[in-house]
A.B. asks: 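Attaching a single structure in structure tokens format; questions to follow.
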Amino acid sequence: MVQGETGQTDLFGLERSGAGNARQLAEGAWLLEGFARARSDVLLADLRRIETAAPFRHMVTPGGAIMSVAMTHCGQLGWVSDRHGYRYATNDPETGKSWPSMPEAFLALAKEAAAAAGFAAFVPDSCLINRYAPGTRLSLHQDKDEQDLAQPIVSVSLGLPAVFLFGGFSRAERAQRVPLFHGDVVVWGGPSRLRFHGVLPVAEGLHPSLGACRVNLTFRKAGLVAT
């Protein structure tokens, strides 16, 4: 399946023809369809510079399992997982250097998307970048390592389409299945900030800008406390 930049075909054979629609997923949670699509070329150019300075890597969980999703970061803080646990760090543990600074285009997009969803004061200090190969998934989890849980999460989808799982406040609750396309943005905060979420296995395909992968930019206000 090839996903184009205008009409976009989802995993169920349906087609979305445009951008600009906003759909509420829950209180404090919104899908902004195509919100980032017009600026995706700039985002991807910045992403290539980030990847050069801090290459994608497969982190290890505290239990010793290797994560299937490849990750890198930009901003003041980067999320780290290893045998010592989950945490935010000011330096890349592989190079010992500071994470690449957050590009202006990244910061502007995150702030604008948050404001569109009702979170006007959001200023992220961390962007976790996930790269999904076909077949890669992300199990249901909560984002709760941040210092200020009053701040929202802004999640930007680029490349291959995926099905986003947006659940409740326990893993047992049934999750919504939300198809995401290149340029879609999901924002959740307030009463929805600690909802479980994940990604179903990404289907095979080729995207004209990213090839056989999906990239997700996840903007967070991690806080001032880091290792």
A.B. asks: Can you list everything that forms a salt bridge (Lys or Arg N to Asp or Glu O under 4.0 Å) with Asp145? Sequence neighbours excluded, please.
C.D. replies: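 Salt bridge (Lys or Arg N to Asp or Glu O under 4.0 Å) check on Asp145 returns nothing, list empty.
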
A.B. asks: For the atom pair CZ (Phe166) and CZ (Arg174), what is the distance rounded to the nearest 0.5 Å?
C.D. replies: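 So the gap between those two atoms works out to 16.0 Å.
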
A.B. asks: Connecting only ILVMFWY residues whose side-chain heavy atoms lie within less than 4.5 Å of each other, what is the rest of Leu194's hydrophobic cluster?
C.D. replies: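 Once heavy-atom contacts under 4.5 Å are chained together, Leu194 belongs with Leu149.
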
A.B. asks: Classify the angle between the aromatic ring planes of Tyr86 and Trp79 as parallel (below 30°), tilted (30 to 60°) or perpendicular (above 60°).
C.D. replies: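 Aromatic pair Tyr86/Trp79 classed parallel.
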
A.B. asks: Can you find a pair of side-chain heavy atoms, one from Gln76 and one from Thr90, that are under 4.5 Å apart?
C.D. replies: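 Counting from C-beta outward, Gln76 and Thr90 never come under 4.5 Å.
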
A.B. asks: Nearest 0.5 Å, what's the CG-NE2 distance between Leu128 and His73?
C.D. replies: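 Going from the CG atom of Leu128 to the NE2 atom of His73 covers 4.0 Å.
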
A.B. asks: State plainly whether one hydrophobic cluster holds both Ile129 and Val80, where clusters connect Ile, Leu, Val, Met, Phe, Trp and Tyr through side-chain heavy atoms under 4.5 angstrom apart.
C.D. replies: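 They do not share one cluster, since no chain of ILVMFWY contacts under 4.5 Å joins Ile129 to Val80.
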
A.B. asks: Throw together a table of side-chain donor-acceptor distances under 3.5 angstrom for residues 57-66, partners on residues two or more places apart or in other chains.
C.D. replies:
{"residue": "Arg57", "atom": "NE", "partner": "Pro55", "partner atom": "O", "Å": "2.8"}
{"residue": "Arg57", "atom": "NE", "partner": "Met71", "partner atom": "O", "Å": "3.3"}
{"residue": "Arg57", "atom": "NH1", "partner": "Asp92", "partner atom": "OD1", "Å": "3.0"}
{"residue": "Arg57", "atom": "NH2", "partner": "Pro55", "partner atom": "O", "Å": "3.0"}
{"residue": "Arg57", "atom": "NH2", "partner": "Asp92", "partner atom": "OD2", "Å": "2.9"}
{"residue": "His58", "atom": "ND1", "partner": "Met67", "partner atom": "O", "Å": "2.9"}
{"residue": "His58", "atom": "ND1", "partner": "Ser68", "partner atom": "O", "Å": "3.3"}
{"residue": "Thr61", "atom": "OG1", "partner": "Gly63", "partner atom": "N", "Å": "3.3"}
{"residue": "Thr61", "atom": "OG1", "partner": "Gly64", "partner atom": "N", "Å": "3.4"}
{"residue": "Thr61", "atom": "OG1", "partner": "Ala65", "partner atom": "N", "Å": "3.1"}
{"residue": "Thr61", "atom": "OG1", "partner": "Ala65", "partner atom": "O", "Å": "3.4"}

A.B. asks: Tell me yes or no: between the side chains of Ser209 and His182, is some donor less than 3.5 Å from an acceptor?
C.D. replies: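 No pair is found: no donor N or O on one side chain lies under 3.5 Å from an acceptor on the other.
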
A.B. asks: side-chain contact (heavy atoms from CB on, under 4.5 Å) for Arg195 and Leu25? Distances and angles first, verdict last.
C.D. replies: CA-CA 11 Å; Arg195 285 182 178 269; Leu25 304 178; over 6 Å; no

A.B. asks: Please round to the nearest 0.5 Å and tell me the distance separating atom CH2 of Trp99 and atom SG of Cys74.
C.D. replies: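 Result: 10.0 Å between the selected atoms.
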
A.B. asks: Do you know which two heavy atoms are closest between Val69 and Arg137, and how far apart they sit?
C.D. replies: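 That would be CG2-O, 3.6 Å.
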
A.B. asks: Would a 4.5 Å heavy-atom cut-off, applied to side chains only, mark Glu112 and Phe35 as touching?
C.D. replies: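 Yes, close enough: below the 4.5 Å cut-off.
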
A.B. asks: If you compare all heavy atoms of Leu165 against all heavy atoms of Ala175, which two are closest, and at what distance to 0.1 Å?
C.D. replies: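 Shortest heavy-atom contact: CB-CB, 4.1 Å.
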
A.B. asks: Short question: side chain of Glu51, backbone of Leu47 - any donor-acceptor pair under 3.5 Å?
C.D. replies: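 No; zero donor-acceptor contacts below 3.5 Å.
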
A.B. asks: Nearest heavy-atom pair of Pro134 and Leu160: which atoms, and what distance?
C.D. replies: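 Between these two residues, the closest heavy atoms are CG-CD1, 4.3 Å.
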
A.B. asks: Glu173 side chain to Ser170 main-chain N or O, any donor-acceptor pair under 3.5 Å?
C.D. replies: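 Yes; at least one donor-acceptor contact below 3.5 Å.
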
A.B. asks: What closest approach, in Å, do Val187 and Pro152 show between heavy atoms, and which atom pair accounts for it?
C.D. replies: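 The answer is CG1-CB, 4.2 Å.
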
A.B. asks: What residue pairs, at least two apart or across chains, pass side chain to side chain donor-acceptor pair (under 3.5 Å) with a residue in residues 155-169?
C.D. replies: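 Pairs touching residues 155-169 that pass the test: Ser155-Asn216, Ser157-Arg214.
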
A.B. asks: With sequence neighbours excluded, give me every ring-ring contact (aromatic ring centres under 6.0 Å, His included) pair touching residues 111-151.
C.D. replies: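 Non-adjacent pairs meeting ring-ring contact (aromatic ring centres under 6.0 Å, His included): His141-His197.
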
A.B. asks: Name the one of Ile50, Thr52, Thr72, Asp46 that satisfies side chain to side chain contact (heavy atoms under 4.5 Å, CB included) with Pro100?
C.D. replies: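 Testing Pro100 for a side chain to side chain contact (heavy atoms under 4.5 Å, CB included) against Ile50, Thr52, Thr72, Asp46 leaves exactly one candidate, Ile50.
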
A.B. asks: Side chains of Leu107 and Pro124: closer than 4.5 Å at any heavy-atom pair?
C.D. replies: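 Sidechains of Pro124 and Leu107: in contact.
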
A.B. asks: With distance as the sole test, does Asp125 use its side chain to make a donor-acceptor pair with the main-chain N or O of Gly75 at under 3.5 Å?
C.D. replies: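 Not confirmed, Asp125 side chain does not pair with Gly75 backbone.
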
A.B. asks: What's the shortest heavy-atom distance between Ala113 and Leu32, and which atoms?
C.D. replies: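 That would be O-CD1, 3.7 Å.
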
A.B. asks: Would you please name every residue forming a salt bridge (Lys or Arg N to Asp or Glu O under 4.0 Å) with Arg220, sequence neighbours left out?
C.D. replies: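 Once residues adjacent in sequence are excluded, the partners of Arg220 under the salt bridge (Lys or Arg N to Asp or Glu O under 4.0 Å) criterion are Asp143, Glu146.
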
A.B. asks: Looking at every heavy atom in both Cys127 and Leu217, which two are closest together, and how far apart are they?
C.D. replies: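 For Cys127 versus Leu217, the nearest heavy atoms are SG-CB, 4.0 Å.
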
A.B. asks: Give a yes or no on whether Phe169 and Phe196 share a hydrophobic cluster (residues Ile, Leu, Val, Met, Phe, Trp, Tyr; joining criterion: side-chain heavy atoms under 4.5 Å apart).
C.D. replies: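 No, Phe169 and Phe196 fall in different hydrophobic clusters.
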
A.B. asks: What is the distance from atom CG of Leu43 to atom CZ of Arg48, rounded to the nearest 0.5 Å?
C.D. replies: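 With rounding to 0.5 Å, CG (Leu43) is 10.5 Å from CZ (Arg48).
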
A.B. asks: Rounded to the nearest 0.5 Å, what separates atom CG in Leu158 from atom CZ in Arg37?
C.D. replies: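 Leu158 atom CG to Arg37 atom CZ measures 11.0 Å (nearest 0.5 Å).
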
A.B. asks: If you round to the nearest 0.5 Å, how far is CG of Leu109 from CE of Met102?
C.D. replies: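 Here the interatomic distance stands at 11.0 Å.
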
A.B. asks: Grouping I, L, V, M, F, W and Y whenever their side-chain heavy atoms are under 4.5 Å apart, do Phe106 and Val42 come out in a common cluster?
C.D. replies: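 The answer is no; the residues belong to distinct hydrophobic clusters.
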
